[in-house]
Amino acid sequence: SQQGEEDPQALSIQEGENATMNCSYKTSINNLQWYRQNSGRGLVHLILIRSNEREKHSGRLRVTLDTSKKSSSLLITASRAADTASYFCATDEGTSGSRLTFGEGTQLTVNP
Amino acid sequence: DVKVTQSSRYLVKRTGEKVFLECVQDMDHENMFWYRQDPGLGLRLIYFSYDVKMKEKGDIPEGYSVSREKKERFSLILESASTNQTSMYLCASSLAGIAQQYFGPGTRLTVT
């Protein structure tokens, strides 16, 4: 079953604008991560937020987590054409082998 | 930097063939994972392994098997390839108890 579900499925913005992507999940989690995937490539880890954290920053990235609503958001500020990619949230429920459950992703297009 | 490599970027096989997808990581990670990625379905876990010779089924193990004879290598085997196994296959690894996963570049498999 899909634990993480991203919203929107696709987002198109102009360079310099901010991009916000949302993720909802169903069960209790240990942490939530965001990954990025350039077209036809593997995923790259962006940021991890633990269940006892509410907000985290890394460069132009800002992630929030609301465990009461079982949701997270990823904000990319001052977007660039190079930010064009798919973005996935992944939840760690603490089951064996540190397995993650990924959502379906948001396709972000940043137009120059 | 962690490096995860996959044996092929692109692979074309015929229905009924036995297919081996190889994944190697160079950072002594305990956990290794195989996913398949399809449009609209996100990443789905096929199998994972948290130690040599150990394996656990993921969400969609049917039609697949795995082998982990050495810590650095995790193989995905399609016993008798079918057209519905045409997909992007992604390998990942992680340290024991650490949620962040490192991904290989992916193998795009086409079964005709």
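In what follows, chains carry the letters A, B, and so on, assigned in the order in which the sequence lines appear, proteins first and then strands, with residues in each chain numbered from 1.
Around the CZ atom of B:R9, the shell of radius 6.0 Å holds more than 12 heavy atoms that belong to other residues, nucleotides or ligands. Dense packing is recorded around CZ of A:R54, with more than 12 heavy atoms of other residues, nucleotides or ligands lying under 6.0 Å away.
Proximity to chain B (any heavy atom under 4.5 Å) is restricted, for A:L48, to the side chain, taken from C-beta onward. If you measure heavy-atom distances from A:Q9 to chain B, you find no contacts under 4.5 Å at all.
Of the inter-residue distances, the one linking B:Q100 atom CD with A:Q33 atom CD reads 6.5 Å to the nearest 0.5 angstrom. Atom OH of B:Y102 and atom CG of A:L43 lie 13.5 Å apart (nearest 0.5 Å). To the nearest 0.5 angstrom, B:D59 atom CG is 6.5 Å from A:T101 atom OG1. In this structure, CD in A:Q37 is found 8.5 Å from CZ in B:F103, a value given to the nearest 0.5 Å. Atom CG of residue A:L100 and atom CZ of residue B:F48 lie 10.5 Å apart, to the nearest 0.5 angstrom. How far CZ of A:F88 is from CD of B:Q37: 4.5 Å, rounded to the nearest 0.5 Å.
The minimum heavy-atom distance linking A:D92 with B:A99 is given by the pair OD2-CB, 3.5 Å. Listed here is the closest heavy atom pair of B:F33 and A:R99: CE2-CA, 3.8 Å.
Between chain A and the options B:A92, B:P105, B:G106, the largest number of non-hydrogen pairs under 4.5 Å is found for B:P105. In terms of heavy-atom pairs under 4.5 angstrom with chain A, the leader among B:C91, B:A96, B:P39, B:G40 is B:G40.
Under the 4.5 Å side-chain heavy-atom criterion for grouping Ile, Leu, Val, Met, Phe, Trp and Tyr, B:V24 is not connected to B:L11 through any hydrophobic cluster. Linking ILVMFWY side-chain heavy atoms closer than 4.5 Å, directly or via other members, places B:L45 and B:V66 in two distinct hydrophobic clusters. Note: the hydrophobic cluster containing B:L95 does not contain A:I47 (ILVMFWY, side chain heavy atoms under 4.5 Å, direct or indirect links). At a threshold of 4.5 Å between side-chain heavy atoms, the hydrophobic network of Ile, Leu, Val, Met, Phe, Trp and Tyr places B:V111 and B:L41 in two separate groups. Under the 4.5 Å side-chain heavy-atom criterion for grouping Ile, Leu, Val, Met, Phe, Trp and Tyr, A:F102 is connected to B:M88 within one hydrophobic cluster.
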